[in-house]
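A, B, ... follow the sequence lines: proteins, then strands. Residue 1 opens every chain.
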Amino acid sequence: MKKRKQVEQIASVERQHKKKSFHDKALELVRRVPFGKVTTYGAIAEALGAKLSARMVGYALHSAVNTDVPAHRVVNRFGALTGAIHFGHPDRMRQLLQAEGVSFLADGTVDMEKHFYAFRKAPQTAKRRKPLT
DNA sequence: ATCGTGACTGGGA
DNA sequence: ATCCCAGCCACGA
């Protein structure tokens with residue numbers, strides 16, 4: 001559906017006009033994730049006040065490899081290393097985490113119970129979905 | 001300039 | 001339970 005795309009584009013332009021780069025802010029937050037801890041795309045997006053932009057966070061990190069940003073500490077909400085494919089070798093990301101003492105579960109995901117790092121931003125429990133029906 | 005899509009996520013059907 | 005959709009931002013074609 002094109003309408004959806006158009007709406008997104010318009011929103012994007014407006015955001016850029018009034019705010020600073022979401023991209024840069026996201027990377028800044030990632031830098032705050034402590035050694036041995038991991039966070040999620042959604043957590044970062046939420047901390048930035050745009051919890052629906054989780055996807056964008058990953059995109060931002062894409063251009064952050066080979067920088068001081070610890071991109072390997074960002075996993076998806078389940079603790080899966082979805083960004084591993086961007087680390088050259090499929091196991092690279094996991095190795096980086098293990099080198100920091102991060103433990104994994106049997107299914108290969110990060111043990112979020114132990115290592116999840118939450119940002120100070122208060123969690124918003126308000127619903128964001130449209131009412132519908 | 002427009003259009004599609006992505007390292008996501010939660011809610012609806 | 002599974003599958004689909006909508007919403008955010010940035011960037012390449």
Side-chain angles (χ1 to χ4, degrees):
Chain A
M1 301 182 177
K2 296 181 179 180
K3 186 184 73 175
R4 174 183 162 189
K5 302 301 180 183
Q6 295 177 343
V7 171
E8 291 180 11
Q9 282 304 113
I10 293 173
S12 175
V13 172
E14 293 179 344
R15 297 293 181 189
Q16 280 185 59
H17 191 58
K18 68 175 71 172
K19 299 168 82 177
K20 207 137 193 255
S21 171
F22 176 94
H23 177 104
D24 294 327
K25 290 182 179 178
L27 297 186
E28 227 172 286
L29 277 180
V30 175
R31 262 182 295 233
R32 289 196 217 165
V33 180
F35 183 95
K37 288 288 187 179
V38 300
T39 191
T40 68
Y41 303 99
I44 294 169
E46 183 176 350
L48 290 177
K51 48 199 301 192
L52 298 185
S53 311
R55 234 154 104 202
M56 237 298 300
V57 176
Y59 193 90
L61 289 177
H62 174 263
S63 61
V65 285
N66 297 322
T67 69
D68 60 324
V69 178
H72 60 283
R73 294 181 194 147
V74 184
V75 301
N76 79 353
R77 71 183 156 144
F78 300 121
L81 310 189
T82 50
I85 61 175
H86 296 285
F87 282 80
H89 187 282
D91 295 324
R92 179 72 182 293
M93 187 175 183
R94 183 176 55 74
Q95 292 172 348
L96 285 172
L97 290 172
Q98 292 184 317
E100 298 188 0
V102 173
S103 53
F104 289 75
L105 302 180
D107 61 2
T109 62
V110 171
D111 186 341
M112 298 302 267
E113 297 282 314
K114 294 183 181 176
H115 307 288
F116 177 67
Y117 173 76
F119 295 100
R120 274 173 287 187
K121 180 79 176 187
Q124 302 168 37
T125 50
K127 296 182 180 180
R128 58 185 117 51
R129 284 296 146 202
K130 58 184 175 164
L132 185 57
T133 37

- Query: Of all the choices, C:dC8, C:dC11, B:dA7, which nucleotide is nearest to the side chain of A:Arg55 once you look at every atom?
  - Reply: C:dC8
- Item | Nearest heavy-atom neighbours spanning A:Ala45 and A:Ala54 | CB-N, 3.6 Å
- Rounded to whole angstrom units, what separation is found between the CZ atom of A:Arg77 and the P atom of B:dC8? 11 Å
- How many Å lie between CE on A:Met112 and C1' on B:dC8, as a whole number? 13 Å
- Message: With heavy-atom distances below 4.5 Å as the criterion, would you say the side chains of A:Thr39 and A:Arg32 are in contact?
- Response: no
- Task: In whole angstrom, give the distance that lies between atom CG of A:Leu52 and atom P of B:dT9.
- Result: 12 Å
- Given the P atoms of B:dA7 and C:dA13, what is the spacing between them in whole Å? 15 Å
- With heavy atoms under 4.0 Å as the rule, sort A:Ala71 into base, sugar-phosphate or nothing. base
- Query: Checking all strands, does A:Phe87 fall into the base, sugar-phosphate, or nothing category for heavy-atom contacts under 4.0 angstrom?
  - Reply: base
- Judged by atom type as modelled, is there a donor-acceptor pair below 3.5 Å linking the side chain of A:Lys37 to the main-chain atoms of A:Lys114? yes
- Roughly, in whole Å, what's the span from CD1 in A:Ile44 to P in C:dA10? 15 Å
- Query: Does A:Tyr41 make a side-chain donor-acceptor contact with the base of B:dA7, cut-off 3.5 Å?
  - Reply: yes
- For A:Asn76 and B:dA7, give me the distance from atom CG to atom C1', rounded to whole Å. 9 Å
- Phosphate OP1/OP2 of C:dC9 contacted by A:His23 side-chain N/O (<4.0 Å): no
- Message: Output the rounded distance in Å from CG (A:Leu61) to C1' (C:dC11).
- Response: 15 Å
- Query: How about A:Val57 and A:Phe22: do any of their side-chain heavy atoms sit closer than 4.5 Å?
  - Reply: yes
- Can you tell me the distance, in whole Å, between the CZ atom of A:Phe22 and the C1' atom of C:dC8? 7 Å
- Task: Find the distance A:Lys51:NZ to C:dA6:P and express it as a whole number of Å.
- Result: 20 Å
- When you check the side-chain N and O atoms of A:Glu100 and A:His72, is any donor under 3.5 Å from an acceptor? yes
